[in-house]
Amino acid sequence: MANDAADTQELIRSDENWVNHALMLAKVKGHVDNLALIIQKLSDMEKSGSDLQKQAVDQMLPLVKQLSANTTAAINYLNQNKTRPTSPAYVQYLKKNAETAHQLSSMISSLVDYEKSMTEIERLRSSLGTPRS
């Protein structure tokens with residue numbers, strides 16, 4: 001996700017070929033759609049998750065839906081404008097979408113890091129014989 005955002009930002013700075021824009025957006029759309037499926041599966045299994053996991057899904061799902069809608073809108077724009085996307089609104093749109101992707105990627109990374117830390121804390125607590133609080 002973060003790589004897609006960085007690639008998109010590089011593309012709008014340097015590439016003049018609308019086909020490359022369309023290919024990049026199609027790739028991003030595929031990644032966002034896959035992420036949406038994963039988050040939906042997590043949401044469906046919400047009853048068995050921790051409170052933190054439930055909160056994370058609740059925060060991520062709207063971001064993923066927004067990324068998907070924004071990416072689809074950019075693809076539709078390109079389909080209607082077969083020239084290099086030079087409109088300031090298009091460029092700003094992609095920049096904001098990339099920022100959202102970075103935020104989502106950071107949120108996911110933080111959650112994964114937290115889960116790893118909590119697993120390690122539980123392992124250490126067990127080895128010390130310390131009861132859970």
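Position 1 is the first residue of the sequence; numbering continues from there.
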* What pairs with Lys65 under salt bridge (charged side-chain N to carboxylate O under 4.0 Å, His left out), at least two apart in sequence or on another chain? ->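 Once residues adjacent in sequence are excluded, Lys65 has no partner under the salt bridge (charged side-chain N to carboxylate O under 4.0 Å, His left out) criterion.
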* Asked: With side chains defined as the heavy atoms from C-beta onward, is the minimum distance between Glu99 and His102 less than 4.5 Å?
  -> no
* Min side-chain heavy-atom separation Leu25-Leu94 under 4.5 Å ->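 Side-chain contact under 4.5 Å: yes.
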* For Gln66, which residues count as a side-chain hydrogen bond (donor to acceptor under 3.5 Å, both in side chains) partner, sequence neighbours excluded? -> Asn70
* Asked: If you look only at pairs with a residue in residues 26-37, which of them pass as a salt bridge (charged side-chain N to carboxylate O under 4.0 Å, His left out), with sequence neighbours excluded?
  -> Asp4-Lys27, Asp7-Lys27, Lys29-Asp33
* Only pairs at least two apart or in different chains count here, so list each salt bridge (charged side-chain N to carboxylate O under 4.0 Å, His left out) that has a residue in residues 100-120. =>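 Output for this query lists Glu120-Arg123.
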* Qualifying residue, where the test is side chain to side chain contact (heavy atoms under 4.5 Å, CB included) with Val28 and the options are Ile75, Thr71, Leu67 -> Thr71
* **Inter-residue atom distance Leu63.CG - Ser68.OG, 0.5 Å rounding** =>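 Rounded to the nearest 0.5 Å, the CG-OG separation comes out at 12.5 Å.
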* To do: Taking all non-hydrogen atoms of both residues into account, name the closest pair between Tyr93 and Ala73 and its distance.
  => OH-CB, 3.2 Å
* Verify the cluster assignment for Leu37 and Val32: are they in a single hydrophobic cluster under the rule of side-chain heavy atoms below 4.5 Å apart? =>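 No, separate clusters.
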